[in-house]
Amino acid sequence: MTSTDQQATATEATRSPGRWLALAVLVLAVLLVAVDATVLGLATPFLSEDLKPSGTQLLWIGDVYSFVIAGLLVSMGSLGDRIGRKKLLLVGAVAFGAVSVLNAYATSPELMILARALLGVAGATLMPSTLALIRNIFHDPKERSLAVGIWGAAASAGAAVGPVVGGFLLEHFWWGSVFLINLPVMAVLVLVGIKLLPESRDPSPGPWDLTSVALSLIGIVSVVYAVKEAAVHGVRADAAAAAAIGLAALYWFVRRQLTLASPLLDMRLFHHRGFSGAVLADLLTIFGLSGLVFFLSQFLQLVQLRSPLEAGLIELPAAIGAVGAGLMAGHLARRASVRSAVSGGLTAVGLALAACTAISASTGVVALGIALFAGGVGAGLAFTVTADVILSSVPKEQAGAASAVSETAYELGAALGIALLGSIVTGIYRGFTAPPGVPAEAAAAAHDSLGGAVDSARDLPREQGAAMLSAAQDAFTDGFQAAAAIGAAVLFATAVAAWFLLRGQKLEEGIAHP
C-alpha cells in the first residue's frame with residue numbers, strides 16, 4: 001500500500017463513527033500499560049513473602065519496568081513512524097501478553113526483575129503508538145483534544161486503578177494473577193485492533209539509527225540507576241560511574257540527533273519554551289502521583305493492616321478525579337489558559353502529597369480519599385493538557401516521535417517517583433532500632449523492607465515481635481512523611497515554573513518549525 005493510499009484510508013477513518021471505537025481500543029492499551037506500572041504495589045507484600053527479595057531488589061522489581069519503557073520510548077516512537085504505528089502496536093500487544101506469563105510465574109527475585117524489564121520492552125512499543133494514532137485519526141483540534149482527554153484520563157487513572165484491580169485479584173488469587181489479567185485484555189486489543197485501527201506512518205522516514213537507540217537506552221537507564229543508588233547508599237563508585245556513563249551517552253545522543261538527516265528525536269522541539277515546559281510538567285506530575293500511589297499501597301496494608309481490596313478501594317478516588325479532570329481538561333484550558341490548567345493541576349498534586357506529611361496509622365478513610373481525589377484531579381488536568389500541547393506541536397508524520405516524548409516523560413516520571421521518593425522512604429526506614437534481644441538474622445530481614453519486618457515478627461515471641469513491628473511501622477511512616485514533603489515541594493516549584501514557561505501557550509496553536 002502506498003503512502004497516499006494509507007493517508008486516504010486514515011482520512012476515511014477519521015470521518016466515520018468508527019474513529020471513536022478505534023479510540024476505545026487505544027485507550028484499552030494505554031490503560032493496561034499504566035495499570036501495570038502500579039498494580040504491583042499491592043502485590044509487593046505477597047511477592048516479598050514468596051520470593052524474599054532484598055530491599056534493593058524490591059525497588060528494582062517496582063521500577064525497572066518504567067526504567068526500560070522510558071529508555072526505549074523515543075526509539076519505539078520513531079520505529080512506529082517508520083514501519084507503521086498499527087503494526088508496532090499489535091506486535092507489542094502480543095509480546096506484552098506473552099511476557100506477562102513470565103512475570104506471573106517468576107521463581108526468584110532475579111528472574112522477576114528480568115521479566116519486568118522485558119515487560120517494559122513490550123510496553124514501550126504500545127504507548128507511543130496509541131497517542132500517535134490519535135494524532136492521525138482525529139484532525140479536528142477540538143475533537144483531538146477530547147480524544148487526548150479520554151486517553152489522558154486512562155493514562156492518569158491507570159496508576160490509581162492498578163491498586164483496585166490488584167486488590168480484587170489478591171483477595172481471590174495469588175500474586176501472579178495481577179499479570180495474567182493482561183492476557184484476555186491483550187487478546188481483545190489485537191482482535192479488535194486488526195479490524196478498527198487505520199495504519200499510519202511517516203511517508204519519508206529515513207533509516208532507523210540503531211546507535212541512537214542504544215544511546216537513548218543506556219543514557220536514561222544509567223542516570224536513573226545512579227540517582228536511585230546514590231539516594232539509598234550515598235555517592236559510591238558504582239553510582240558515580242553509572243552517572244558518568246549515562247550523561248555521556250545522553251550528550252552523545254543529543255549531538256547525534258542534531259547531525260542526522262532523520263533523527264530519532266527532533267531536538268529543535270526543545271527550543272520552544274512551551275514544549276519544554278509541557279514536558280517538564282508532564283514528567284513531574286506523574287512523579288508525584290506514582291510515588292504517592294506506590295508507597296501508600298504499602299502503608300495501607302502493612303501499617304494500617306488493611307486487606308488488599310480495601311486498600312485498592314481507598315485509592316479509587318484518585319482514579320475518579322483523574323478521569324473527570326482528563327475529560328474536562330481541554331475545555332478548561334481553552335476557557336482559562338493552558339498555564340492555568342497545568343499550574344493548577346501541579347498544585348493539586350502537590351497538595352495531595354503535602355497532606356500525606358500528616359499521615360499516621362490512625363488516619364481515616366475520608367481524609368485519605370480527599371487527598372487522593374485532589375491528586376487525581378491534578379494529575380488528570382496537568383497530564384492531559386501537556387500531552388495535547390506536545391502532540392499538536394509537530395506535523396502528523398512525526399506524531400510517533402512527539403508522542404514518545406510525552407510518554408518518555410510519563411514513564412520516567414513514574415520511575416523517578418518510585419526510585420527517588422522510595423529511596424527516601426527506604427533510607428529513613430532502615431534507621432529504626434530493633435528491640436533488644438532480637439536475633440541478628442531477624443533484625444537484618446526487618447531492616448531490608450517492611451514486608452520483611454512483618455514476616456520476621458511472626459517468628460519472634462509475641463511481645464518482642466509486636467515491639468519490632470511497631471518500630472518498623474513507625475519508621476516507614478516517618479519515611480513516607482519525609483518523602484511526601486519533598487515531593488510536595490518539587491510539585492509546588494514546578495507549578496510556578498510552568499506558569500512562566502507556558503505563558504501564551506494555546507491548545508489550538510502548534511509550534512512553528514524553522
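Since the structure is predicted, the reported quantities are computational estimates derived from the model, not experimental observations.
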Write down the atom of S340, the atom of W499, and the distance for their closest heavy-atom approach. OG-CZ3, 3.6 Å
Sidechain-backbone polar pair: R339 side chain, L502 backbone, donor-acceptor under 3.5 Å: no
Judged by atom type as modelled, is there a donor-acceptor pair below 3.5 Å linking the side chain of T357 to the main-chain atoms of A354? yes
Could you go through the side-chain contact (heavy atoms from CB on, under 4.5 Å) check for L491 and L353 one step at a time? CA-CA 9 Å; L491 267 294; L353 284 164; 4.1 Å; yes
Does any non-hydrogen side-chain atom of L189 lie less than 4.5 Å from one of V185? no
Distance col, row L119:CG vs S100:OG, nearest 0.5 angstrom, shows 5.0 Å
Looking only at heavy atoms, what is the nearest atom pair of L372 and I314, with distance? CD1-O, 3.4 Å
Are L368 and L296 close enough that some pair of their side-chain heavy atoms sits under 4.5 Å apart? yes
Point-to-point distance, once rounded to the nearest 0.5 Å, from CG of L215 to CD of Q257: 8.0 Å
Please answer whether the main-chain N or O of S343 pairs with a side-chain N or O of T347 as donor and acceptor at a distance below 3.5 Å. yes
With no hydrogens and no angle check, is any side-chain donor or acceptor of S216 less than 3.5 Å from a backbone partner on S212? no
Test your reading of the model: is there a side-chain donor-acceptor pair from N103 to the backbone of A115, 3.5 Å cut-off? yes
Gap between atom CD1 of I61 and atom CE of M112 - 0.5 Å precision: 6.0 Å
For A371 and A352, which heavy atoms make the closest approach, and how far apart are they? O-CB, 3.2 Å
Is there a side-chain contact between V68 and L118, using heavy atoms and a 4.5 Å cut-off? no
Grab the two heavy atoms, one from A348 and one from A374, that are nearest each other, plus how far apart they are. CB-O, 3.5 Å
Taking the side chain as every heavy atom from C-beta outward, state whether L283 and V279 have any atom pair closer than 4.5 Å. no
At what distance, to the nearest 0.5 angstrom, does CG of L146 lie from NE2 of H331? 12.0 Å
Test side-chain contact (heavy atoms from CB on, under 4.5 Å) applied to L501 and V496, V342, L280, T494, the passing residue: L280
Does some side-chain heavy atom of R306 sit less than 4.5 Å from a side-chain heavy atom of V365? yes
Using atom types as modelled and distance alone, determine if a side-chain donor or acceptor of T384 lies under 3.5 Å from a backbone N or O of L381. no
In short, V425 meets A483 closest at the heavy-atom pair CG2-CB, 3.8 Å
Point-to-point distance, once rounded to the nearest 0.5 Å, from CG of L89 to CD1 of I194: 10.5 Å
Passes side-chain contact (heavy atoms from CB on, under 4.5 Å), I320 versus F373? Steps please. CA-CA 7 Å; I320 296 171; F373 181 77; 4.3 Å; yes
Step by step, would you call F179 with V99 a side-chain contact (heavy atoms from CB on, under 4.5 Å)? CA-CA 9 Å; F179 297 107; V99 179; over 6 Å; no
Are the side chains of L23 and W20 in contact, using a 4.5 Å heavy-atom criterion? yes
Any side-chain heavy atom of V94 within less than 4.5 Å of one from M186? no
What verdict does the side-chain contact (heavy atoms from CB on, under 4.5 Å) test give for T363 and Q304, after you've listed the backbone C-alpha separation in whole Å, the side-chain angles of each residue and the deciding distance to 0.1 Å? CA-CA 9 Å; T363 301; Q304 293 196 336; 3.9 Å; yes
Heavy-atom side-chain contact between L180 and W174 under 4.5 Å: yes
So which heavy atom on V385 is nearest to which on A333, and how close? CG2-CB, 4.1 Å
I need the L72 CG to L79 CG distance, nearest 0.5 Å. 10.5 Å
